[in-house]
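Data block below; observations after.
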Amino acid sequence: MYTHQILVVGGGLAGCRAAVAAADLGANVAILSRVHPVRSHSGAAQGGINGALGTADPKDSPEAHTYFTIKGSDFLADQDAVQTMCQEAPSRIIEMEHWGAPFSRMEDGRIAQRPFGGAGFPRTCFSADKTGHVLMHTLFEQCLKRQVQVYEERHILSLVVDQDPKNPAARRARGVIALHMTEGKLESYRADAVIMATGGAGRIYRKTTNAHVNTGIGMALAYWKGAPLEDMEFVQFHPTGLFGTNILISEGARAEGGYLKNKDGERFMKRYAEKFMELAPRDIVARAIATEINEGRGYPGGYVHLDLTHVGRERIEERLPGIRDLSINFAGVDPVEAPIPIQPSHHYTMGGIACDINGTTPLPGLYACGETACVSVHGANRLGGNSLLETVVFGARAGAAAAQYAKANPTEANGKIFDAETQAAEKKIRGLGQGEATEDYAAIKTEMGNTMDDQVQVFRNEKDLRRALDKIRELKGRFPGVRLRRKGLRYNLDLIHILELEAMLDLAEVITLGALARTESRGSHSRTDHPTRDDTHWLKHTLATHTPQGPKLDYKPVTITQWKPEARVY
Amino acid sequence: MAAETQAKPAETQPTAAPAMQASTQAIVTFKIYRHEPTVEKTPHFQTYPVETRPGLTVLDALIHLLDTQDGSLAVRYSCRHAVCGSCAMDINGKNMLACQTQVARLGPEVTLRPLTGLPVVRDLVCDMTNFFRKYNLITPYLVNKTKDEKDLTREWLQSPRDRKKIDHEIGCIMCGCCEGACPVLWTDENYLGPSAIAKAWRFIADTRDEGIQERIGILDSQYGVWRCHTAFGCVEACPKNIPLTESIEKARRRIIRYRLRGK
């Protein structure tokens, strides 16, 4: 049994920022992570982090940032949360700079900024096209400086929830049961508060920019223990995933002047967003590309071109060196000389564990931050550059709130619940090893991914969504027939993949059910059978609660402060 | 360090692999190092036929094998586009990232081993504990002594020219390709190694940093910069094209200056 005041599950940007905040308040904090923190998917973020520093354009302000974020969200974001994020953005970014983040600079030495989609002003701070990577390293370094304990390569088997000793009627998060991957043994971690920061759930889709570890496990762990998931039907498709592998090609490529062209060589964005063109918000650009492809103006196989050839070698080498390497290594195309083939690809989970601006979830003792959480600042569509911002703003807030909660509510050691949870986990693993397999893990995973790619995609309709829901429920029914092909627990990927698949199937069901229920088009959720936004009936957040029969959907109002919903024209 | 070092694999009979369906695509043979040091005394190679297609990477092939042929393979991977640094391994004798290596460029036989010189957890997964321990020794964070860190009203200025000085080193993804390609490390695992030294240089060369004193002790020690034999194994192996030997050389010059001037 390991004991800490705070356990942070996930070592990406949000998790590390939460750990730093908790440590700065004197809490004993530890990070558990599926991969070593520097290998987290936060490091794959390329284009930048938004904050109204006003270096590139002094007219920019946190208020402008707030407005464009709310408009980008198609008015589903909670406006108080967006205000908090945009007000705190400059401080959090400058803090990262003081901690060593090597931002790209203007001639006068201030942090450089580039224009991003739907932002209104050039507000995105960056480090070439490796922004997530350098921020990840910087925050991990700050964890080392504070001697935060890191338990790396731990797969979390369950979130331990017990009665609150002070209030027996209430439940409370108490810790986790983890699988130590390299030693192959189960471990118990007890804490006074648990912060879930395990990132998004991209691998539910096959055509995704996300890393293989982005399975949404933290969302599922919380969901299974009663924490509701919010707005899961809002899934972001990035306009420019590399054709063939769906590797992310940063919005920075368009920020630096890249054009989108169809097979006729036409800059088609003029027909979809006359003013913002390639730098319209992602949902609009993704729909434009999908429309071009669907209407026969894409290239065979289903892609269009991202053309950087006019940007010039020097600027590409300075501002987009990573994009150039990726294009050469994974598509055999040098963007200095030829356009990059791209297609919309699953990219980001706007929804997540429902929480407030301090990461507080409805389950006492459980906090959430980063992509795992739904605060909600992204609403129905996230603006590029706001996800890195979310990790540092709400990571810091969740870390501080959890530390205060832990200090005020220290728990007594209760071994019994941990023993019971460990035994349950052992039993489950044993069961997976007994008897003959009647189902193939990989086949179920592939069918799930194809279903989501084809039917819960950029454009949705009732028929597709019903078919998808049936399919996912069929797959859930087949899942118990899966068996382990390897018994030993040391680095047993077979076991971890099976457990992750179980989580992904449940999340896929929540996404699809939420999408089917929402009979309107808002942000990333575009229903061809309900093509307009319906503020009368649907200006509300979806909440999905786990029941043995499947997800139960409820709704809650959106917090509107001063920006009344308006038509979204770019 | 607890884990055992790599034993020499026995070139014994590889286990027969399931037959693949006939196809017009070329079949490449994957020879994979298999070993669980705590259970088996000696490692062995196992062979698998892999159907290639244009664009197939070594990692794609490994995931395919894991999914369809052998659920017992151990390989560390995550991002699949050369940024997380998980899948460094010895591919046909050279340290590379499996995700960034096209099968088509490797010929009819692909031999995969864990990184040379590092202890093995299982199969292709190395124990990186010592690698990260050494990184911890170089005071791996920006050291500030004179500026007000709590003043968040404005950034500390840095010219684009100064920022450029650390452009290479900040690209390090800590994959360990260099660590496994350094002949000095094959004889002494306590040598800081190219990655940790380049990281130290990343801070020393950063105009905002004031931590030379904290780092000089370890860099100028018997495990520090002077152990480099300029064999350039690290430079050859680095999947991010970081000129590591040059970083080490720059650190050496800085240490000499520090010795002469005392700062």
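First the proteins, then the strands, lettered A, B, ... as listed; each starts at 1. Worth knowing before you read on, the calculation uses all heavy atoms, side chains too, and leaves out hydrogens, waters and symmetry mates.
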Legend entry - chain B contact via A/Met136 - which portion, at a heavy-atom distance below 4.5 Å: neither
Inset, instruction - Quick one: sort the B/Tyr77 and A/His212 rings into parallel, tilted or perpendicular, breaks at 30° and 60°. - result: perpendicular
Inset, instruction - Measure distances from A/Arg34 to the heavy atoms of chain B and classify the residue's part below 4.5 Å as side chain, backbone, both or neither. - result: neither
Inset, instruction - Kindly assign one of parallel, tilted or perpendicular to the pair A/Phe140 and A/His36, based on the angle between their ring planes and the thresholds 30° and 60°. - result: perpendicular
Inset, instruction - Dump the intermediate steps for side chain to side chain donor-acceptor pair (under 3.5 Å) on A/His238 and A/Ser345, then the final yes or no. - result: CA-CA 5 Å; A/His238 197 287; A/Ser345 310; over 6 Å; no
Legend entry - Ring centres under 6.0 angstrom apart (B/Tyr33, B/His44): no
Legend entry - Under 4.5 Å from any heavy atom of chain B - which part of A/Glu318: neither
Legend entry - For chain A, which residues of residues 200-208 of chain B have heavy atoms nearer than 4.5 angstrom: B/Arg202, B/Phe203, B/Asp206, B/Arg208
Legend entry - Contact class of A/Leu326 relative to chain B, heavy atoms under 4.5 angstrom: side chain
Inset, instruction - Hey, can you tell me if A/His41 and B/His81 have their rings parallel, tilted or perpendicular (30° and 60° cut-offs)? - result: perpendicular
Legend entry - A/Ala101 versus chain B, the contacting section by heavy-atom distance below 4.5 Å: backbone
Legend entry - NZ/NE/NH1/NH2 to OD/OE distance under 4.0 Å, A/Glu141 and A/Lys145: no
Legend entry - Segment of A/Arg486 engaging chain B (4.5 angstrom heavy-atom cut-off): side chain
